[in-house]
Engineer: 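The structure under discussion is supplied below as C-alpha cells; questions concerning it will follow.
Just follow the structure's listing: the first ligand is 1, and inside any ligand the first atom is 1.
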Amino acid sequence: MEIVKNLIKISKTIPDNVLIVAVSKTKPINYIKSAYVHGHRDFGENKVQELVEKHDSLPKDINWHMIGHLQRNKVKYIASFVNLIHSVDSYRLLFEINKQGFKNNRVIDILVQIDISNDNTKFGFTYSEFDELIKLNKLKSLKNIKLKGMMGMASYTTDLSLIEREFNDLNKYFKKYKFNLELDVLSMGMSSDYEIAIKYNSNMIRLGSTIFGTRIK
Ligand SMILES: *Cc1c(COP(=O)(O)O)cnc(C)c1O
C-alpha cells in the first residue's frame, strides 16, 4: 500500500524525536486503517463532525489530534477523547476546553496556535496577545487543560526564505517560554514545508498529502 510506503519513507528522513501526525481529513476510514495496521497511531482532523465519526468507527487506541479551527460550541463533542488540540486561538476557547475537561473529569492537552504568517486567513494568537495572556496569569486557574506547546502555520507561499523566517521566529519564541511553562511540543510543518520546520526544531509535523495523496476538497 502506498500509504505505508510513504510513512516509512518519510520517517527514515526525519529525526527520531519528531512525531508525524497523519492528517486524514477528507480521507476514508480504510486509508487510516492501513496506516494503523502498520503501527501508526497519531491522526489529525480539522472538522469536529468528521473527527467524531472517525473516532467512533476506529480502534480506541488511536491518538486523535484536532488541528483545525475549533468553535467553542463544538468542544463538547470531542472533549471526552481528543488527545491534543493544536488550534487553540483565543482565551474564550481555552476557557471552554477547560470547562469541558472538567465535565469529562480529565485534563485536555492543548497547543496554542500562534499566528506566524502573512496570510490574513490564518487563526491564532499574535505574539503580543500570547505575552499578555501569560503576563496576566490567565492560564493558572484552568486546571482541566494542560498547555503542552505551540503550533504555527507558515504563509502559503513559494518564498522559502519567508517560511524560514516564520519558523525561525516561532522557534525563538517557543524557547522563550519553554522552561517557565514546561512546554515540549512545537507543532510546525506540513507536507510542503516540514523539512524547513524540522530545521527550526519542530518536533511534531502534520502531514496530509505526502502520506495519503492529494485532496480533492
Ligand atoms: C490540512 C492540514 C495539514 C496537512 O496539509 P498537507 O499539506 O496535506 O500536508 C496540516 N495542518 C493543518 C492545520 C491542516 O489543516
Engineer: Taking 4.0 angstrom as the limit, do Asp131 and Lys176 come out as a salt bridge?
Structural biologist: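 Counted as a salt bridge, because a side-chain N and a carboxylate O are separated by less than 4.0 Å.
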Engineer: Which of the numbered atoms in ligand 1 are under 4.0 angstrom from any heavy atom belonging to Leu207?
Structural biologist: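 Near Leu207, the atoms of ligand 1 are 9 (O).
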Engineer: Which residue supplies the protein heavy atom nearest to atom 15 (O) of ligand 1, what is that atom called, and how far is it?
Structural biologist: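 Looking at atom 15 (O) of ligand 1, the protein heavy atom closest to it is Lys25 NZ, 2.7 Å.
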Engineer: What residue and heavy atom of the protein are closest to atom 5 (O) of ligand 1, and at what distance?
Structural biologist: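 Result: Met190 CE, 3.5 Å.
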Engineer: Would you compute the distance between atom OH of Tyr91 and atom CG of Leu139 and round it to the nearest 0.5 angstrom?
Structural biologist: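 Here the interatomic distance stands at 8.0 Å.
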Engineer: Tell me whether the rings of His69 and Phe123 are parallel (<30°), tilted (30 to 60°) or perpendicular (>60°).
Structural biologist: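 It falls in the parallel class, under 30°.
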Engineer: Given Met151, which of Leu111, Val112, Ile110, Val185 fulfils the side-chain contact (heavy atoms from CB on, under 4.5 Å) condition?
Structural biologist: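 For Met151, the side-chain contact (heavy atoms from CB on, under 4.5 Å) test succeeds with only one of Leu111, Val112, Ile110, Val185, which is Leu111.
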Engineer: Do any nitrogen or oxygen atoms of Gly208 lie less than 3.5 angstrom from nitrogen or oxygen atoms of ligand 1?
Structural biologist: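 Yes; at least one N/O pair falls below 3.5 Å.
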Engineer: Strictly under 4.0 Å, does any heavy atom of Thr210 approach an atom of ligand 1?
Structural biologist: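 Thr210 does not count as a contact of ligand 1 under the 4.0 Å cut-off.
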Engineer: Where the side chain of Asp169 meets the backbone of Glu166, is there a donor-acceptor pair that is under 3.5 Å apart?
Structural biologist: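 The answer is no, because no donor-acceptor pair under 3.5 Å joins these two groups.
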Engineer: Only heavy atoms count here, so choose which of Ile211, Asn46, Ile67 is nearest to atom 13 (C) of ligand 1.
Structural biologist: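 Minimum heavy-atom distance to atom 13 (C) of ligand 1 goes to Ile67.
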Engineer: Report the part of Met153 in contact with ligand 1, treating N, CA, C, O as backbone and CB onward as side chain, heavy atoms under 4.0 Å; options are side chain, backbone, both, neither.
Structural biologist: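 The part of Met153 near ligand 1 is the side chain, not the backbone.
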Engineer: Among all the protein's non-hydrogen atoms, which is closest to atom 11 (N) of ligand 1, and how far away is it?
Structural biologist: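 For atom 11 (N) of ligand 1, the nearest protein heavy atom comes out as Arg206 NE, 2.9 Å.
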Engineer: Do any N/O atoms on Ser192 end up under 3.5 angstrom from N/O atoms on ligand 1?
Structural biologist: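 No: no nitrogen or oxygen of Ser192 is under 3.5 Å from one in ligand 1.
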Engineer: For His55 and Ser57, indicate whether the former's side chain and the latter's backbone hold a donor-acceptor pair under 3.5 Å.
Structural biologist: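 No, because the side chain of His55 does not come within donor-acceptor range (under 3.5 Å) of the backbone of Ser57.
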Engineer: Counting only heavy atoms not in Phe81 (residues, nucleotides, ligands), do more than 12 fall under 6.0 Å from its CZ?
Structural biologist: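 Enclosed.
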Engineer: Distance to 0.1 Å, residue and atom name: give those for the protein heavy atom nearest to atom 9 (O) of ligand 1.
Structural biologist: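 Sorting protein heavy atoms by distance from atom 9 (O) of ligand 1 puts Ser191 OG, 2.5 Å first.
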